[in-house]
Amino acid sequence: MMMESMSGLLYALASLGAFALCAGIVLAIAQKIFHIEGDPMIDNIDALLPQTQCGQCGFPGCKPYATAVAGSEAEVNHCVPGGERTMLQIANLMGVEPKELDEEASAPMLAFVREDECIGCTLCIKACPVDAIIGAPKQYHTVIADHCTGCTLCVEPCPVDCIDMLVKPELIEHWAWPLPDTKRSQLGHERREQHAGHA
Amino acid sequence: MPAMLRTLAQKMGLMAHSFRGGIHPDMHKLSAMNPIENVAISPVLILPMKQHIGSVCSPLVKVGDHVLRGQKIAKSEGYLSVPVHASTSGRVVKIEEHAIAHPSGMGMPSIFIEADGDDRADESLEPIIDWQNTDPTLLRERARMCGLAGLGGAVFPTFIKLVQDKRFPIETVILNGIECEPYLTNDHRLMVEQASEILDGMAIIMHMVGTSSGIIAIEDNKADAAQAMQEALNSKDGMDDVRIEVLPTRYPQGSEKQLIYTLTGREVPAGKLPMHIGVLCQNVGTSKALRDAVMLGQPLTERIVTISGDALPQPANLRVRLGTPIRSLFARQGLEDFNHIQIVHGGPMMGERLSHPDIPVIKSTSGILALSKQAIDAAHTVENPCIRCGHCSEACPVSLVPNLLADFCRSDQLEKAEDYQLFDCIECGACSYVCPSNIPLVHYFRYGKGQIALARREQVFAEASRQRSEGRDARIERELAEKAARRSRVRKTHAPKPVADASANKPATPDVTASDNAVENTAKPEEKS
Amino acid sequence: MTEFALILLSAVLVNNYVLTKFLGICPFLGTSSKVETAIGMSFAVMFVMTLASTASWLVQQYVLIPLDLQYLQTIFFILIIASLVQLIEMMIHKTSPVLYQALGIFLPLITTNCAVLGVAILNVQQEQTFLTSALYGGGAAIGFALVLILFAGIRERIDVSPVPAAFKGSPLALITAGMMSLAFMGFSGLVKV
Amino acid sequence: MSLIMLSSPHAHGGDSIRMMMFTVVLALLPAAAVSVYLFGWLAFLLIVSCMLSALLMEAVCLKMMKRPLSTLLDNSAALTGLFLALTLPATTPWWMAVLGSVFAIVLGKQVYGGLGHNIFNPALSARVILLISFPLSMTTWIMPMSSVAPALNLFDFSTCATIFFYGTDALLTGGQLTLDAITMASPLGHIKTEATLGVPVAEALKAYNYSYLDAFLGFEAGSIGETSALALFIGGIFLLARHSITWHIPFAYIGTVLLLAAIFNQAAPDQFATPMFHLFAGGLILCAFFMATDPVSSPVTPVGQIVFGIGCGVLTWSIRSFGGYPEGAMFAVLLMNCAVPLIDHYFRPRVYGQNVGKQS
């Protein structure tokens, strides 16, 4: 009696072991075939970020923040200039629940150099993450309005403090229609809130 | 009649083509029988720097200059633009921001001209009498010089369309006399009173684009205009391949794409222009303005404007100088107090609602309406939930699905809105008109389009910033690598020799330190990972 | 030939695994928020289910019965399904990372999906031949896919509507799933198999 | 001048939801009138109780959701109540009718967010819930005009009231009537039971002394609103004339059923019923003209509506011919309602200028 149960046990172990082994081999081979290098998610997220390289998310630029979010070490709602839309897009891409923004994005800003006070020390040129300030040592510098992302990194290193942040002027060509805001579309707003909270 | 059967019948020529959808609003053509009246020149004319589709012009005159009627006062910037001309002789009083007919309420830099009363014309452009043998490019330059833009309401610079392109030969010229917008009757009166001038303009257009066949499209609610044009056409020689086409009244028959499909059975492919399918469409008013520019040497300084509305005592069609404030025109027609009145710039279906009447008449002003409060409130009542009844997608002439599009725009699902072809919407308003729940569909589409355009602009800006930032990082790495290489080279040259040549290394050091400090402080405050 | 068609029809419509047998509800609710994810999940489940039901029949026939190890049935089937899921996970991670990210936890969860294991064990209990067990596996997977994609279409629409706060999200999803199973009861008795 | 930005157009055609719903109620009046004529006070009590409870329940829901009660005026709740009443058998007790209306309003519509957001047709989903919860009483039919049961005078208010409030068995305690004396199988149910015994369709109908004319006018067993094909056709044509619905769904739906019935009837006459029979039997016309064309739960685009109609037709005919339940129309419409969001997405009309290819 002991012998059958022993041999039964033996058969069980043998068959299970054999099956598991060949499954393992197949998977190992598959691992080689479907090997993937870097994580493409980083580029997808980086493409969503506004690239202001401003560091307000606590990371030295957009690419590092994208890597952190892809590796899910950082939350999706740290990008302040991106605002709610970027946060919703990243949450959508990562398939996580959208989180409230911790800090409301201010109106878009532009740096402006008061040229008569500028001593030409090139400190702000080196501080600007997107090379939006031009000028040579000992010559006064100026900010290229089209290139400035408003990240305020140049204000602090300036020794004579001659850079101030101005609100970006709104052009008539860039004006966009707002949502219908009359009592008439109260229902529309209600539906918008519904969706916003549940992207 | 099932849509498939209808298109089949149309393809086999059994049935005239007619565009899909469309609505039948009551037309309120109150001023259809009033002849065109000339308006006295208002003391101050306000000319905004942009009255067309394209870039803003820059002023050529200074405050205090004296100008003649038709003198160029602002030059066009870039290709897609046309200059602005003084509409009367006088003195430039000031150049500053002034309100224009724009929903945002934002202003546009404008030139204020104080009329001196004798309206002396500027003779610099001499008339081209025998334009038949003039080189079309010369005529095209004249059209641009005279500031011609589509007067049907689109204000697209006319000279860009009037071109002979080997790859896209124009077969048919279509003259758009449809005017399907309620209340507006200026094209109608122009056709009745100046039919032969319009046909001269059409002949010039056909000469410029090198075709001999043309169609003049008129709606059947303007029988007298069709008759006047037919008589003028019969008396004209050399235009035998041109015919008048009277089409059933239906809004928006006058829209370029719908008119082209109705007359030729061909559709303008998405993202392409009518010229890509060999068709050129022009408004009757523009054709007459082209005739004045070529045969009389007169730049575009005035236009016919319908002033009407259920709250206006005396509707009329006025020949108005560009820059005349709307308030003076309303006063001329007996309307002074505006507090129960809504002013609309253009027709009720596609026009802008103005918040105050101190806005000048510009090239795109085809009509100004004074609508009573209850007329506007009836149109903008409380929005009910959409019951997916499908009336809006039936009415849409571009066969979109407006209610789904509105849902996407309202809930910011913009990629879906683009996938459903939001940008093919011509904002004609037929869907909002028929919606039983009074949903402001066109408003949601405009919001959607604005957000998508904003997102695209930010995307382009972000892409440029990213490239510059990566270029900068690469530059810093390169400089650091050079510094490290240079330091290691310096250490190698000094290290092995004994004390004897200690003095030799004196000259080498200065230049190293100079470039050192330049490179030293390029590192950012916090090190880039 | 009609006999096979009837089997397939009965597996897809009449006794649909999700709406009549109520198996595989958690991926049904989890991955149905967007239609693209639902389609991705359906392909994954179709791949795993069909192969799992055939492989488990083979294992049952040629390994368990000769060695009379029927009591090891569940462990073996889970082993088969797990390795298939591992395979499909690698394939999806390689081909479309976005789908991989969107499916998230629900991709490895197919291993514990009661519909997949259910079809394998039911095939064995009803002593199906090799061909009919493959047909049942495929039919069940197609049924699962059909219902999942329909439900995803509905979810995308009700997520945007002004649902009363108490019903927002999964309560309404469950009510809708209930209504769908009510509708699917119309198919009962359609096929006399 | 208010600075609120109003976009064009500044004109409106004057159509409103209330008018559209009222048109559908008008279209249903002939069917309701005929049902009262055929089933007497029973039908009247049913219709009134369903409509009242639907309106009451909607008011309660709106109050709970703090939404303005004015939406009650768009008579969509009244319409749902009337729809539900017309699909119920004459002998439905009052509490079942009220429960049905509550299901229709709460589970059918309000839970999805009110008018315009429900996925399933509210009246139909309530009817299927009742069918599956109370199978017996939902499938007991009585012949109209009490021609079969002379003792049951449908125009005497007291008898009808007792049936309505205390159910059919209370009536029978009086002893003079037995349940199966006054009830009988619906034509569809009769054929299905006979088919299981192998009796060909033609004979089954003869035994049931079924006549197409009676079925067309309405003298046949069935729910109170679906028996008279004539009244439903009048309502349907009225809806088409008033452009409340488009021809796509009804024509596609009825056309598919008739086509399938014709083909299979030719192939096996004794196993499958004739197209005429399918047209007048059960709730096909009611579902095709009123239930399937409910704008909220049907596709928006014409192409989608045709696909929806064909789907309903195939499902109705196959459930009637092969399925377990005698009447397939209700299930078919609900099943196709599930597919509407996908149909909307994949069957959109070709937009002007898209892939026009080479043009003449």
Side-chain angles (χ1 to χ4, degrees), chain B residues 3 20 23 25 103 105 182 257 261 265-272 277 338-339 342 344 348-353 355-356 371 375-376 378-381 384-391 393-394 397-401 403-404 420-421 424 427 429 432-438 440 442-443 446, chain D residues 1-21 68 70-71 74 76 113-118 243-248 251 293-306 340-341 344-345 347-357 359-360:
Chain B
R20 181 187 175 286
I23 53 172
K257 292 183 175 180
Y261 177 72
R266 277 177 279 173
E267 287 187 4
V268 179
K272 288 262 193 335
I277 52 170
F338 291 97
N339 45 30
Q342 298 281 7
V344 172
M349 291 305 286
M350 287 184 79
E352 294 303 332
R353 193 180 71 85
S355 46
H356 57 81
L371 297 176
I376 289 280
H380 296 286
T381 47
N384 291 320
C386 160
I387 57 168
R388 297 166 46 83
C389 61
H391 290 179
S393 59
E394 274 163 38
V398 181
S399 36
L400 297 169
V401 191
N403 67 328
L404 297 181
Y420 277 55
Q421 267 97 36
D424 280 9
E427 292 175 15
S432 306
Y433 183 84
V434 293
C435 174
S437 303
N438 301 308
V442 179
H443 197 147
R446 287 185 164 157
Chain D
M1 227 67 82
S2 68
L3 242 101
I4 294 173
M5 253 166 262
L6 296 177
S7 146
S8 69
H10 306 296
H12 190 262
D15 203 351
S16 75
I17 297 183
R18 197 141 53 85
M19 271 314 295
M20 284 185 69
M21 296 288 175
S70 63
T71 41
D74 64 15
S76 63
L115 180 67
H117 305 292
N118 49 321
H243 187 56
S244 265
I245 58 171
T246 56
W247 60 270
H248 300 94
F251 277 64
T293 57
D294 161 41
V296 177
S297 54
S298 64
V300 174
T301 54
V303 185
Q305 282 168 353
I306 290 180
V340 162
D344 264 352
H345 181 65
F347 291 99
R348 296 197 300 264
R350 182 187 65 80
V351 174
Y352 178 100
Q354 293 296 334
N355 45 50
V356 285
Q359 294 177 90
S360 60

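Letters A, B, ... are given to chains in the order of the sequence lines, protein chains preceding strands, and every chain is numbered from 1.
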If you count heavy-atom pairs under 4.5 Å with chain B, which of D/T301, D/D344, D/N355 comes out on top? D/D344
Can you tell which part of B/K257 gets under 4.5 Å to a heavy atom of chain D, answering side chain, backbone, both or neither? both
For B/E267 and D/R350, the nearest pair of non-hydrogen atoms, with its separation, is OE2-NH2, 2.9 Å
Cut-off 4.5 Å, heavy atoms of chain B, and the answer for D/R18 is neither
Roughly how far, to the nearest 0.5 Å, is the SG atom of B/C386 from the NE2 atom of D/H117? 8.0 Å
Would you indicate whether the side-chain heavy atoms of D/M20 and B/H391 approach each other to under 4.5 Å? yes
What one should report as the nearest heavy-atom pair of D/G116 and B/R388 is O-CD, 4.2 Å
Given heavy-atom pairs under 4.5 angstrom as the criterion, report whether the side chain, backbone, both or neither of D/S298 touches chain B. backbone
What pair of heavy atoms forms the shortest contact from B/G390 to D/V300, and how long is it? CA-CG1, 3.8 Å
When heavy-atom pairs shorter than 4.5 Å are enumerated against chain D, which of B/I277, B/I23, B/L404, B/N403 gives the highest number? B/N403
Checking heavy atoms, do the side chain of D/V296, its backbone, both or neither come under 4.5 Å from chain B? both
Here the pair of heavy atoms bringing B/A379 nearest to D/A11 is CB-N, 3.5 Å
Please lay out, stage by stage, how B/Y420 and D/H345 fare under the test ring-ring contact (aromatic ring centres under 6.0 Å, His included). CA-CA 9 Å; B/Y420 277 55; D/H345 181 65; 5.8 Å; yes
Atom SG in B/C389, atom CG in D/D15: separation rounded to 0.5 Å? 7.5 Å
At a heavy-atom distance under 4.5 Å, which candidate from B/S393, B/S432, B/A378, B/G271 has the highest pair count against chain D? B/S432
Nearest non-hydrogen partners of B/G351 and D/S8, listed with the distance: O-CB, 3.4 Å
Heavy-atom side-chain proximity of B/I376 to D/L6 below 4.5 angstrom: yes
B/H380/D/H12 under ring-ring contact (aromatic ring centres under 6.0 Å, His included): CA gap, chis, key distance, verdict: CA-CA 8 Å; B/H380 296 286; D/H12 190 262; 9.5 Å; no
Please report the interatomic distance CD(B/E352) to OG(D/S7), rounded to the nearest 0.5 Å. 7.5 Å
Close side-chain approach of B/V401 to D/P349, heavy-atom, < 4.5 Å: yes
Value for CG (B/N384) from OG (D/S70), rounded to nearest 0.5 Å, stands at 8.0 Å
Side-chain contact test, heavy atoms from C-beta onward, threshold under 4.5 Å: evaluate it for D/R348 versus B/L400 and give yes or no. no
Looking at every heavy atom in both D/Y352 and B/V268, which two are closest together, and how far apart are they? OH-N, 3.2 Å
To the nearest 0.5 Å, tell me how far D/Q354 CD sits from B/Q421 CD. 4.0 Å
Side chain, backbone, both or neither: which part of B/P25 has a heavy atom under 4.5 Å from chain D? neither
Relative to chain D, which of B/P182, B/P397, B/S399 shows the most heavy atom pairs under 4.5 Å? B/S399
